[in-house]
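Inspection log for the structure reproduced underneath, given as structure tokens.
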Amino acid sequence: MPLDKSPLDPADWDEFRSQAHRLLDACIDHLANVRMHPWQPVPEAARQHYALDTAEDGKPIDILIDELVSNVLPYSTGNIHPRFFGWVHGTGLASSLLADIVASTMNSNCGGRDHGAVYVEREVIDWCRRCFGFPEGSSGVLVTGTSQATVIALAAARTHALGPQSRRNGIQDMPKLTAYAAEGVHNAIVKACELIGIGAEALRRIPGGPGGAMHLDSLAEAVARDRREGYQPFCVVGTAGSVNLGEFDDLAALADFCAEHGLWFHVDGAFGAWSRLADPPWNALANGIDRADSLAFDFHKWMYVQYDCGAVLVRDETAHRAAFAARPAYLEGQDKGAGGGEPWFCDYGIDLSRGFRALKVWSALRAHGTQAFARAITRNCELAALMAARIEADPGLRLVRPVRLNVCCFNAAPADWDGEAQDALNATVAKNLQLRGEAVFSTTRIDGRTVLRAAIVNHRSSASDIEESVSLAAREADRLARS
Ligand SMILES: *Cc1c(COP(=O)(O)O)cnc(C)c1O
């Protein structure tokens with residue numbers, strides 16, 4: 001190979017262009033007709049096509065594109081379909097498809113330095129800051145998702161509690177830190193406690209009332225007990241939208257409590273933080289979120305933006321930097337040139353090399369405007385209320401808890417079934433509807449029993465999607481119960 005030719009760039013850009021246009025058309029056709037593409041199992045034949053073997057020789061671009069269109073594109077998670085309500089899976093936006101093309105072309109590394117992508121990311125962070133009422137000067141960074149955002153937030157809280165020398169010396173000779181959260185807290189918080197070295201047991205689960213919110217007196221007792229026993233309470237994690245039921249802690253009360261007791265107040269707002277954009281009454285559920293010391297949230301769930309994209313905001317920029325900033329010689333900044341552009345995002349998180357996630361968020365906000373997101377989120381809450389009403393109207397179904405936001409859990413087993421029979425029936429209903437491509441519900445456990453669960457973060461679902469999916473679940477449950 002001659003040294004003046006790249007072995008990896010297209011040999012013929014005109015051929016690449018026409019093939020790329022063909023691919024773009026296939027992708028847009030897929031999105032425009034997404035109703036025809038529910039989740040389906042990946043057939044063995046397609047999986048065989050994925051085998052790389054030695055991948056010794058490349059294939060012509062038209063073959064690659066045929067493979068992408070036939071063997072990869074059809075087998076999505078299913079979450080782009082209007083009848084997908086499982087787990088908490090965002091749908092993705094056509095506007096972000098365009099952004100991904102540009103981001104991929106630019107191939108920016110957003111760890112730092114002076115280039116367009118970091119200015120775009122700063123604007124996205126600042127929009128979030130205003131959206132959630134954080135003060136000017138707060139810091140933030142886009143990350144893979146709320147799981148990583150939580151690790152960053154709790155690491156900042158830990159370093160704040162133990163002092164910067166804990167970065168050098170570790171925490172083994174330090175006072176034992178303890179954190180507090182509601183019983184329904186997401187496992188991402190548990191993982192974060194493991195990763196910051198305090199251990200899962202150091203996360204105290206505080207019992208809550210019927211709406212899931214931590215009891216403040218139980219919280220106060222737990223903190224006092226830990227202090228008496230020589231622990232160092234450092235952080236309270238409030239939940240804005242619990243994963244199982246979309247329930248909220250009383251964030252304003254927790255903010256007061258943390259201020260009074262000198263604790264870091266973190267909020268897990270993975271999807272529920274976006275209730276701030278909804279109409280009343282939903283927009284009041286997260287009152288007090290603006291008083292958090294740190295907030296973790298996702299764009300890939302309820303802001304409909306493509307995976308993966310989450311963010312962390314930290315009120316005290318100095319505390320945020322103190323936990324992460326480090327500049328070895330090969331990363332020294334410059335006052336001008338490509339090596340300028342302070343502050344660098346690598347000083348606010350784990351990743352040094354990071355992609356241009358911000359562009360898909362920025363493009364979504366540019367294309368649709370905040371008001372359109374407010375309407376879409378409000379509409380999801382209305383659809384969840386509609387789902388709850390349909391369930392209550394169906395003699396074969398029972399709503400497990402009142403719907404607070406956008407999560408609806410229900411039991412499709414006959415009223416006189418309980419225990420494992422109920423568990424098995426609900427699990428089979430979920431599985432069979434998925435396998436037939438009719439609708440995707442997931443399951444969870446409430447009060448120890450398996451129930452069907454819908455988390456509605458889907459901007460494509462209509463009222464009839466909700467009604468028909470509920471009817472399909474009822475019909476399937478009835479069929480199974482009889483057989
Ligand atoms: C999804 C979720 C998380 C984890 O977020 P990822 O983006 O999946 O990492 C944390 N908390 C809650 C309440 C969630 O719903």
Side-chain angles (χ1 to χ4, degrees), residues 77 79 84-92 96 128 132 140-155 179-196 200 203 205 208 211-214 235-249 251 254 266-276 282 285-286 289 292 294-313 349-351 354-355 357 360-361 377 380-381 384 401 403-409 442-446 453-458:
T77 319
N79 48 328
F84 190 102
F85 314 113
W87 305 278
V88 194
H89 278 26
T91 26
S96 298
C128 296
F132 296 120
V141 62
L142 297 189
V143 292
T144 47
T146 292
S147 300
Q148 193 185 335
T150 307
V151 173
I152 292 172
L154 295 197
Y180 306 82
E183 274 168 349
V185 71
H186 193 278
N187 194 59
I189 316 301
V190 181
K191 265 195 195 176
C193 288
E194 293 168 4
L195 286 167
I196 66 167
L203 179 65
R205 308 296 184 90
M214 265 185 267
C235 176
V236 174
V237 178
T239 295
S242 68
V243 60
N244 261 348
L245 290 158
E247 294 177 327
F248 286 72
D249 276 313
L251 301 182
L254 292 182
H266 174 71
V267 173
D268 177 359
F271 63 96
W274 297 112
S275 60
R276 289 318 257 174
W282 300 287
L285 289 167
I289 201 168
S294 55
L295 171 64
F297 55 97
D298 281 325
F299 292 98
H300 57 213
K301 285 179 172 172
W302 217 355
M303 280 293 278
Y304 316 99
V305 169
Q306 270 82 338
Y307 287 97
D308 45 27
C309 195
V312 60
L313 285 179
I350 300 164
D351 299 322
R354 27 195 317 279
R357 287 194 187 94
K360 55 196 173 189
V361 180
I377 288 167
N380 285 155
C381 296
R401 289 277 200 289
V403 170
R404 313 229 157 229
L405 188 67
N406 63 332
V407 184
C408 184
C409 288
S442 56
T443 60
T444 191
R445 282 186 166 251
I446 307 286
R453 174 174 164 283
I456 304 175
V457 292
N458 192 322

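Index from 1, following the sequence. Hydrogens, waters and symmetry mates play no part in the numbers below; they use all other heavy atoms, side chains included. Counting convention: from 1, in listed order, for ligands and their atoms alike.
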Subject >> Exam field: side chain Lys191 to backbone Ala200, donor-acceptor pair closer than 3.5 Å >> reply: no
Original post:
Which of the numbered atoms in ligand 1 are below 4.0 angstrom from a heavy atom of Gly145?
Top reply: 7 (O), 9 (O)
Original post:
Going by an N to O cut-off under 4.0 Å, is there a salt bridge joining Asp298 and Lys301?
Top reply: yes
**OP:** Test side chain to side chain contact (heavy atoms under 4.5 Å, CB included) on Asn79 and Tyr307 and set out the steps.
**Re:** CA-CA 11 Å; Asn79 48 328; Tyr307 287 97; 3.5 Å; yes
**OP:** Could you walk me through whether Ser442 and Arg453 pass the side-chain hydrogen bond (donor to acceptor under 3.5 Å, both in side chains) test, one step at a time?
**Re:** CA-CA 5 Å; Ser442 56; Arg453 174 174 164 283; 3.3 Å; yes
**OP:** Give the atoms of ligand 1, by number and element, whose distance to some non-hydrogen atom of Phe271 is under 4.0 Å.
**Re:** 15 (O)
Original post:
So which protein heavy atom does atom 7 (O) of ligand 1 come closest to, and at what separation?
Top reply: Asp298 OD2, 2.6 Å
**OP:** Can you measure from CZ (Phe84) to NE2 (His89) and round to the nearest 0.5 angstrom?
**Re:** 4.5 Å
**OP:** Between Asp268 and ligand 1, find which residue part has any heavy-atom pair under 4.0 Å and reply side chain, backbone, both or neither.
**Re:** side chain
**OP:** Identify, for atom 14 (C) of ligand 1, the protein heavy atom at the shortest distance, and state residue, atom and that distance.
**Re:** Lys301 NZ, 2.9 Å
Subject >> Residues Asn406, Trp302; criterion side chain to side chain contact (heavy atoms under 4.5 Å, CB included); working and verdict >> reply: CA-CA 10 Å; Asn406 63 332; Trp302 217 355; 3.7 Å; yes
Original post:
Could a heavy atom of Gly241 be found less than 4.0 Å from some atom of ligand 1?
Top reply: yes
Original post:
Among protein heavy atoms, which sits nearest to atom 5 (O) of ligand 1, and what does the distance come to when rounded to 0.1 Å?
Top reply: Thr146 CB, 3.2 Å
Original post:
When you look for heavy atoms under 4.0 Å from ligand 1, do you find them on the side chain of Ala270, its backbone, both, or neither?
Top reply: side chain
Original post:
Against heavy atoms of His300, which atoms of ligand 1 measure under 4.0 Å?
Top reply: 7 (O)
Original post:
Which of parallel (below 30°), tilted (30 to 60°) and perpendicular (above 60°) describes Trp274 and Phe299?
Top reply: tilted
**OP:** Could you tell me the residue and atom name of the protein heavy atom closest to atom 9 (O) of ligand 1, and the distance to it rounded to 0.1 Å?
**Re:** Ser147 OG, 2.6 Å
